[in-house]
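So you know, we letter chains A, B, ... as the sequences are listed, proteins then strands, and number each from 1.
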Protein chains: 2
Amino acid sequence: MINVEDELFMNEGTGSQSATSHDVARLAGVSQSTVSRVFRRGGVVSPDMRARVMDAAQTLGYRPHAFARSLSTGQSRIIGIVILEKNRHQDYSGSLITWLGKNLAEKGYQIMVFLAPEDIADPGPLIQTILEHRVDGLVISAINISSHFAEECQRARIPVLLFNRHQTDRSVTSITTDDYGGARAIAEHFVERGHQRLSIIVGREDTSTSQDREQGFLDGVHAAGLTLCSRGVGAYDPTIAAEAASALMGVPADNRPSAVFVAGDQMALAVMDTLRFRLGLRIPEDVSVIGFDDIPEAAMPSFNLTTYRLPFRRLARVATDLIIEQIESSKVEPRREVVEGAIVERGSVASL
Amino acid sequence: MINVEDELFMNEGTGSQSATSHDVARLAGVSQSTVSRVFRRGGVVSPDMRARVMDAAQTLGYRPHAFARSLSTGQSRIIGIVILEKNRHQDYSGSLITWLGKNLAEKGYQIMVFLAPEDIADPGPLIQTILEHRVDGLVISAINISSHFAEECQRARIPVLLFNRHQTDRSVTSITTDDYGGARAIAEHFVERGHQRLSIIVGREDTSTSQDREQGFLDGVHAAGLTLCSRGVGAYDPTIAAEAASALMGVPADNRPSAVFVAGDQMALAVMDTLRFRLGLRIPEDVSVIGFDDIPEAAMPSFNLTTYRLPFRRLARVATDLIIEQIESSKVEPRREVVEGAIVERGSVASL
DNA sequence: AGTGCATATGACTACGCAGTCATAGCGTGT
DNA sequence: ACACGCTATGACTGCGTAGTCATATGCACT
């Protein structure tokens with residue numbers, strides 16, 4: 001049996017094992033409760049006692065054990081973020097983590113990242129892993145996860161937020177850009193500049209973003225008394241989008257669009273390159289292009305792409321508020337929040 | 001006092017509070033120890049007992065509590081990843097998380113992401129937060145963190161791996177691309193094609209990657225009996241790099257480089273755009289450019305940039321192995337691992 | 001001086017699990 | 001039939017903290 005003095009010496013001398021609140025209490029000559037109070041938000045302790053404890057803690061290099069605290073409080077203060085495993089460093093996952101992480105850190109939450117394989121057949125193990133970590137809330141950004149997933153989490157009483165995706169049944173809180181309105185504004189933008197042969201290259205047809213953008217564009221086209229010239233599917237993949245662009249233009253001249261809405265900037269850049277370098281077309285003289293998202297590359301002189309700016313920072317801020325609201329006021333109705341962006345005019349649209 | 005039956009009923013009936021191993025034990029009519037054995041890797045239990053426990057667990061929707069387990073075992077099975085807070089979704093943080101996360105998940109580790117503000121003055125709070133979460137290991141990717149940081153972590157006995165960065169004193173394990181060798185190969189590549197007026201735009205001068213790339217390039221230049229034509233600083237920032245490019249070319253013709261090595265693709269793309277659209281130069285006819293990293297955009301027809309491919313997937317794999325090795329065999333000498341990439345020849349270099 | 005009250009502190013327990021140790025059960029060999 | 005050994009299981013404790021409750025201390029007031 002090691003006696004108290006020896007233990008104290010060990011911890012103090014080597015700093016090898018991380019010190020506990022008991023160690024600090026012993027060194028400071030107080031109870032563990034008091035140490036806890038000093039390190040807890042809103043603990044009531046007299047100033048000199050606090051100083052004594054802080055001194056001892058400093059000496060021992062004491063840091064509260066976050067998970068022990070979790071066990072005791074029943075709150076992990078950890079938010080899970082689910083993103084797609086695939087990442088050609090070209091989607092917004094990085095930004096999501098950065099902005100959300102920054103906002104959440106300010107509120108005292110940390111983030112754990114969970115990766116969802118793109119073609120996940122059985123989400124069971126992933127759900128299992130997430131629930132085992134008792135995250136206080138979950139932000140789901142991966143687009144391919146079945147609705148089953150969110151429901152399972154909600155049954156386990158953990159608040160869920162769908163990021164840039166929503167479900168038709170509105171049973172889950174979500175935040176998205178104004179995909180519909182943005183796309184509709186894009187159609188109007190084309191029409192105002194005299195375009196009449198309008199085409200679209202959509203993203204992944206199984207995503208709400210792509211569906212909404214398509215519907216918005218269509219409604220805008222119809223509202224102008226026009227009909228869609230043609231349609232391609234880009235699946236949010238630059239290569240596939242490039243193929244779609246070729247297909248769109250590989251028809252008799254009077255069936256070719258004069259303007260193309262590409263429902264995502266990654267795709268749009270690839271489409272521009274295909275139009276220019278493979279098909280020898282000039283932008284905007286021969287074809288006009290508008291994208292969606294406003295990724296940094298869209299602003300480069302090489303592309304100079306007119307696009308719809310997704311206000312990422314605001315999205316992240318609202319997402320933070322939504323998830324924290326759900327966590328802290330336990331019962332909140334599922335909500336569907338939409339954040340408006342705006343068209344950024346650059347040089348990829350001609351006036352006819 | 002709530003009796004056993006009532007509690008059992010509550011948990012079973014509503015599934016509201018997450019069930020514990022005690023609940024499962026009670027329902028299955030066994031001890032908590034047995035439930036633990038069933039859910040622990042390598043627990044010895046008879047087949048029918050296991051089935052009974054699994055049944056009960058299923059009924060109650062039981063999932064082991066990861067943090068309770070951590071408390072008990074002293075292992076969190078969580079790896080911390082420190083990345084820069086700034087992220088114009090244009091650095092490799094997203095890929096780092098994806099690849100590292102995938103590899104680590106296979107080994108049963110989860111990841112927590114910690115954000116380091118770019119201009120972090122006092123890293124104390126960040127270190128505090130990280131240590132409070134008792135991560136089993138830490139991968140540091142943020143380039144601007146003082147060496148003090150890693151040392152502090154090592155004093156707390158947590159294995160640290162520097163990703164794409166190293167310290168001169170070799171006291172911390174690190175993994176990098178072959179920055180020196182790659183840059184030197186790039187110099188040789190230029191020289192072989194007849195270039196004699198070579199310039200460089202470096203990254204952030206306080207990073208090992210930039211220093212190594214510069215030294216490698218310089219040594220390559222000197223080995224060919226040449227001297228550097230000129231040098232700019234891009235700070236890994238596209239805007240600053242563009243300015244540097246302008247400065248490089250804004251001199252009398254015989255002091256202008258015929259070839260420029262830009263020590264990072266993000267910068268290189270911005271440099272190309274500036275050369276072309278602001279200075280009216282053709283690439284490669286008027287200036288040749290080579291980048292470093294091989295980001296996806298470098299392959300786009302608009303840029304078609306010759307560059308040095310950073311084998312990201314392999315880097316992540318080695319990083320995974322290194323950090324896990326450090327964790328599992330407690331005492332490992334600090335190592336410095338270097339992974340070689342290769343030049344990817346595209347169309348941004350002319351033969352004179 | 002005695003009562004009441006607020007404040008600061010300590011003893012103790014719960015949180016959910018893993019692991020240690022003890023023991024019941026059972027078969028084997030002599 | 002008895003001792004022995006092996007396996008499967010249960011009782012119990014520790015991990016580090018928060019929070020509850022009890023209590024000592026000091027102070028104002030009657």
Side-chain angles (χ1 to χ4, degrees), chain A residues 1-2 7 11 17-54 56-57 60-78 108 131-134 136 156, chain B residues 1-2 7 11 17-54 56-57 60-78 108 131-134 136 156:
Chain A
M1 191 67 184
I2 301 171
E7 273 185 42
N11 282 334
Q17 309 307 327
S18 46
T20 73
S21 57
H22 279 105
D23 299 330
V24 177
R26 226 174 290 144
L27 179 59
V30 302
S31 72
Q32 179 268 329
S33 301
T34 300
V35 178
S36 172
R37 266 190 286 268
V38 169
F39 280 88
R40 209 182 1 143
R41 184 183 81 82
V44 187
V45 201
S46 66
D48 56 335
M49 179 67 29
R50 157 159 286 140
R52 231 165 80 203
V53 170
M54 289 305 277
L60 297 178
Y62 167 73
R63 340 247 176 189
H65 192 304
F67 298 150
R69 174 176 290 171
S70 296
L71 236 206
S72 188
T73 60
Q75 294 215 324
S76 64
R77 294 199 80 81
I78 291 178
L131 295 185
E132 283 183 7
H133 285 85
R134 299 298 194 276
D136 283 347
Chain B
M1 188 67 183
I2 300 170
E7 273 187 42
N11 281 334
Q17 309 308 326
S18 45
T20 72
S21 57
H22 279 105
D23 299 329
V24 176
R26 227 175 290 144
L27 179 59
V30 301
S31 73
Q32 180 268 330
S33 300
T34 301
V35 178
S36 173
R37 265 190 288 267
V38 169
F39 280 89
R40 209 184 0 144
R41 184 183 80 80
V44 186
V45 201
S46 66
D48 55 336
M49 179 68 24
R50 157 158 290 150
R52 232 166 80 202
V53 170
M54 289 305 278
L60 297 178
Y62 168 73
R63 340 249 175 187
H65 192 305
F67 298 150
R69 174 177 288 171
S70 296
L71 238 206
S72 187
T73 60
Q75 293 216 324
S76 63
R77 295 199 80 81
I78 290 178
L131 295 185
E132 282 182 8
H133 285 85
R134 300 296 195 275
D136 283 347

Participant: Take the C1' atoms of the five end pairs on each side of the helix from C:dA1-D:dT30 to C:dT30-D:dA1, derive the two axes, and give their angle rounded to 10 degrees.
Facilitator: 50°
Participant: Report all interatomic pairs (protein N or O, nucleotide N or O of nucleotides 5-8 of chain D) with separations under 3.5 Å.
Facilitator:
none

Participant: Looking only at atom types and distance, does a side-chain atom of A:Arg52 sit under 3.5 Å from a main-chain N or O of A:Ala28, one as donor and one as acceptor?
Facilitator: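 Flag set: sc A:Arg52 to bb A:Ala28 pair under 3.5 Å.
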Participant: Just checking A:Arg50: base, sugar-phosphate only, or nothing, at a heavy-atom cut-off of under 4.0 Å?
Facilitator: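 The residue A:Arg50 makes no contact with any strand.
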Participant: At under 4.0 Å, does any side-chain N or O of B:Thr34 touch on OP1 or OP2 of D:dG10?
Facilitator: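 Checking D:dG10 against B:Thr34, a side-chain N or O does come within under 4.0 Å of OP1 or OP2.
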Participant: Looking at residues at least two apart in the chain, or sitting in another chain, which of them share a side-chain contact (heavy atoms from CB on, under 4.5 Å) with A:Ser36?
Facilitator: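 With sequence neighbours excluded, A:Ser36 shows a side-chain contact (heavy atoms from CB on, under 4.5 Å) to A:Gln32, A:Arg40, given in chain and number order.
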Participant: Both B:Thr73 and B:Ser31 contact DNA chain D. Taking the nearest nucleotide for each, which residue is further toward the 5' end?
Facilitator: B:Ser31
Participant: Using whole Å, what does the distance between atom C1' of nucleotide C:dC17 and atom CD of A:Glu132 come to?
Facilitator: 12 Å
Participant: Given side chain to side chain contact (heavy atoms under 4.5 Å, CB included), test A:Val53 with A:Tyr62 step by step and report yes or no.
Facilitator: CA-CA 10 Å; A:Val53 170; A:Tyr62 167 73; over 6 Å; no
Participant: Taking side-chain contact (heavy atoms from CB on, under 4.5 Å) as the definition, give me every residue that meets it alongside B:Arg134, ordered by chain and number, with sequence neighbours left out.
Facilitator: A:Ser18, A:Arg63, A:His65
Participant: What's B:Arg63 touching, base or sugar-phosphate or nothing? Going by heavy atoms closer than 4.0 Å.
Facilitator: sugar-phosphate
Participant: Side-chain N or O of A:Ser21 versus OP1/OP2 of D:dT17: is the shortest distance under 4.0 Å?
Facilitator: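 Answer is yes, contact under 4.0 Å.
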Participant: Check the interface with nucleotides 13-15 of chain C: list each N/O to N/O pair with the protein under 3.5 Å, or write none.
Facilitator:
none

Participant: For the CZ atom of B:Arg37 and the CE atom of B:Met49, what is their distance to the nearest 0.5 Å?
Facilitator: 10.0 Å
Participant: Measure from CZ on B:Phe67 to P on D:dA18 and round the result to the nearest Å.
Facilitator: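 Whole-Å distance recorded here is 15 Å.
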Participant: Reading nucleotides 20-26 of chain D 5' to 3', which nucleotides get B (base under 4.0 Å from a protein heavy atom), which S (sugar-phosphate only), which -?
Facilitator: -------
